Peer 1: 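Sharing a structure here in structure tokens format.
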Protein chains: 2
Amino acid sequence: MLKISELSARTGLSTHTLRYYEKHGLISASERSEAGYRYYSDTDVRRVEFVRTARHIGFSLNDILDLLSIRLDKSRHSCQEVTDITEAKLAEVNARIAELQSMRQTLQILLDSCCGGPESATHCSIMEALEAEQEAEVEKDRRLGSDAR
Amino acid sequence: MLKISELSARTGLSTHTLRYYEKHGLISASERSEAGYRYYSDTDVRRVEFVRTARHIGFSLNDILDLLSIRLDKSRHSCQEVTDITEAKLAEVNARIAELQSMRQTLQILLDSCCGGPESATHCSIMEALEAEQEAEVEKDRRLGSDAR
DNA sequence: ATAAACCTTAGAGTCAGGTCTAAGGTCAAC
DNA sequence: GTTGACCTTAGACCTGACTCTAAGGTTTAT
Ligand SMILES: [Zn+2]
Ligand SMILES: [Zn+2]
Ligand SMILES: [Zn+2]
Ligand SMILES: [Zn+2]
């Protein structure tokens, strides 16, 4: 049986975070001392490590709640339920990557258009692009060949 | 001179957001009626549109504060200051993309390993990977050939 | 003159995932 | 038998960018 600070040392999660996870139903300590001290069994520890691993991969705490309820009784759940959660996460990640790649493209075009030199920004094409209505997007489309889409 | 709801209609930013931007020093109305109603001049409108365009590209409100102070007196600022901000943003975006791509890779490996079928999750390799200490990462490294890095 | 549609402010709430504090109780070692 | 390290709780605070509410004041059209 580990005390919370020992579990913290072992998992790398702060005691604050462990209590936070408990409050949100992700983990628990199977025993408490008379004074209320949390004591974690091996089973508790494995659950915490499951949460930490899932969190590290990028699952949200809500995703992890779903995964944990499957974990609690695997025989009553299917592989498909697991892949559904995983695929939903992958779709989120892909959507976010696409947004960021669009941002990157725009930023790169802006950088390519600016001299970046030490002289006055009165002629700066980045500033001009930000002034102009949707100009950056238009320029981006032109460069990428929007009609090839 | 536009009233706030007219500016809202024109820019697509809510009146709440416009007031929020004002409170944070991004924009302002150059006139107020006796009762305190905001009235926006063409110059004000262009500033709001600048903010909206920069926001749309992905700059944070703090980035935009910096860009606005350059915009206010371009002759006292250089192209380099502008590219510094833009490059910093690009670096942030690239870092975030790298994180997400790592997540994507892990999720894809998990999905590849699981049958995704309707039978019991007792044998589910995704669940196993989440149970096992760092196993997913190890598997990922193996597949990608970590020694080739 | 009155109703609808607008405007004002300060301040609270939202999301996620923590992070920290205050005020106090407990336990081990010396 | 007391120091110091640990533990407990409820609840406040943080980031960022909004979003909304309450309670009231103004404008415009009829
Ligand atoms: Zn230049
Ligand atoms: Zn420039
Ligand atoms: Zn299966
Ligand atoms: Zn499976």
Side-chain angles (χ1 to χ4, degrees), chain A residues 1-40 44 48 50-68 88-89 92-93 95-96 99-100 103, chain B residues 1-40 44 48 50-68 88-89 92-93 95-96 99-100 103:
Chain A
M1 294 301 228
L2 300 177
K3 282 199 269 194
I4 196 167
S5 64
E6 293 163 337
L7 180 60
S8 169
R10 178 146 163 191
T11 60
L13 302 168
S14 76
T15 59
H16 287 305
T17 297
L18 290 169
R19 290 194 199 96
Y20 175 82
Y21 284 176
E22 181 178 313
K23 194 158 80 182
H24 288 73
L26 292 157
I27 64 174
S28 65
S30 48
E31 284 193 42
R32 291 279 190 135
S33 77
E34 294 200 2
Y37 283 30
R38 289 167 178 84
Y39 286 95
Y40 297 92
D44 296 337
V48 173
F50 180 95
V51 171
R52 188 203 49 193
T53 301
R55 194 76 196 80
H56 183 245
I57 288 171
F59 286 105
S60 72
L61 300 189
N62 274 338
D63 296 333
I64 296 174
L65 276 177
D66 293 342
L67 291 170
L68 285 168
K89 198 75 211 165
E92 268 179 47
V93 168
R96 186 73 187 120
E99 279 178 23
L100 288 167
M103 263 183 76
Chain B
M1 292 302 227
L2 301 177
K3 282 200 269 194
I4 196 165
S5 64
E6 293 163 339
L7 180 59
S8 170
R10 176 145 163 191
T11 60
L13 301 169
S14 75
T15 59
H16 287 304
T17 297
L18 291 168
R19 290 194 199 95
Y20 174 84
Y21 283 177
E22 180 177 314
K23 195 159 78 179
H24 288 72
L26 292 157
I27 64 173
S28 65
S30 50
E31 283 192 41
R32 292 279 191 133
S33 77
E34 293 200 3
Y37 281 30
R38 289 169 178 83
Y39 286 96
Y40 296 92
D44 296 336
V48 172
F50 180 94
V51 171
R52 189 204 47 194
T53 301
R55 195 75 196 80
H56 180 79
I57 289 172
F59 286 105
S60 71
L61 299 188
N62 272 337
D63 295 334
I64 296 174
L65 276 178
D66 292 341
L67 291 170
L68 284 169
K89 198 76 210 164
E92 266 178 47
V93 168
R96 187 75 186 114
E99 279 177 22
L100 288 167
M103 264 181 77

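None of the values given here were measured: they were computed from a predicted structure. We name chains A, B, ... by the order of the sequence lines, and we start the count at 1 in each one.
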Peer 1: Does B:Y21 reach a base, just sugar-phosphate, or nothing at all? Heavy atoms under 4.0 Å.
Peer 2: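 The residue B:Y21 makes sugar-phosphate contact but no base contact.
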
Peer 1: Take the protein atom CD1 of A:I64 and the nucleotide atom C1' of C:dG18, then report the distance between them rounded to whole Å.
Peer 2: 13 Å

Peer 1: Any side-chain heavy-atom pair from A:S60 and A:K89 closer than 4.5 angstrom?
Peer 2: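 Answer yes - side chains close enough.
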
Peer 1: What's the closest nucleotide to the side chain of B:T17 if the choices are C:dT19, D:dT21, D:dC18?
Peer 2: D:dC18

Peer 1: Can you measure from NZ (B:K3) to OG1 (B:T15) and round to the nearest 0.5 angstrom?
Peer 2: 13.0 Å

Peer 1: Just verifying a value: how many Å separate A:E92 CD and B:M103 CE, rounded to the nearest 0.5 Å?
Peer 2: 7.5 Å

Peer 1: Give the rounded distance in Å between these two atoms: OH of A:Y40 and C1' of D:dT8.
Peer 2: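 So the two atoms are 12 Å apart, to the nearest Å.
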
Peer 1: Starting the side chain at C-beta, find the nucleotide from D:dC7, D:dT19, C:dC27 nearest to A:I4.
Peer 2: D:dC7

Peer 1: For A:R38, report the nucleic acid contact type (base, sugar-phosphate, nothing); a contact means any heavy atom under 4.0 Å.
Peer 2: sugar-phosphate

Peer 1: Nearest whole Å is fine: how far is C:dT26 P from A:K3 NZ?
Peer 2: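 After rounding, the gap between these two atoms is 14 Å.
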
Peer 1: By nearest nucleotide on DNA chain C, pick out whichever of A:K23 and A:Y39 is the more 5' one.
Peer 2: A:K23

Peer 1: Let me confirm one number: the CG-CZ distance from A:L67 to A:F50, rounded to the nearest 0.5 Å.
Peer 2: 5.0 Å

Peer 1: The side chain of A:R32 lies closest to which of these nucleotides: D:dC20, D:dT9, C:dT9?
Peer 2: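 Out of D:dC20, D:dT9, C:dT9, the nucleotide with an atom closest to A:R32's side chain is D:dT9.
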
Peer 1: Of all the nucleotides listed (C:dC6, C:dT19, D:dC7), which has the minimum atom distance to the side chain of B:S5?
Peer 2: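 For the B:S5 side chain, the nearest candidate turns out to be C:dC6.
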
Peer 1: Do the side chain of B:Y37 and the base of C:dC6 come within less than 3.5 angstrom through a donor-acceptor pair of N or O atoms?
Peer 2: yes

Peer 1: To the nearest angstrom, how far is B:L26 atom CG from D:dG16 atom C1'?
Peer 2: 12 Å

Peer 1: Report the distance from atom CG of B:L65 to atom C1' of D:dG16, rounded to the nearest whole Å.
Peer 2: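 Rounded to whole Å, this separation is 13 Å.
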
Peer 1: Side-chain contact, heavy-atom cut-off 4.5 Å: A:R55 with A:L61?
Peer 2: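 The answer is yes, as the side chains (C-beta and beyond) meet within the 4.5 Å cut-off.
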
Peer 1: Please determine whether the number of non-hydrogen atoms from other residues, nucleotides or ligands lying under 6.0 Å from atom CZ of A:R32 exceeds 12.
Peer 2: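 Counting neighbours around CZ of A:R32, more than 12 heavy atoms of other residues, nucleotides or ligands fall under 6.0 Å, so yes.
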
Peer 1: Would you tabulate the pairs of protein nitrogen or oxygen atoms and nucleotide nitrogen or oxygen atoms of nucleotides 14-16 of chain C closer than 3.5 angstrom?
Peer 2:
none

Peer 1: For A:R19 and D:dG11, what is the distance between atoms CZ and C1' respectively, to the nearest whole Å?
Peer 2: 14 Å

Peer 1: Check the distance between C:dA12's P and B:H16's NE2 and give it to me in whole angstrom.
Peer 2: 16 Å

Peer 1: In plain terms, say whether B:E22 and B:R19 are close enough for a salt bridge, that is, a side-chain N and a carboxylate O under 4.0 Å apart.
Peer 2: no

Peer 1: What is the separation between atom NE2 on A:H24 and atom P on C:dG17, rounded to the nearest whole Å?
Peer 2: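 Distance, rounded to whole Å: 9 Å.
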
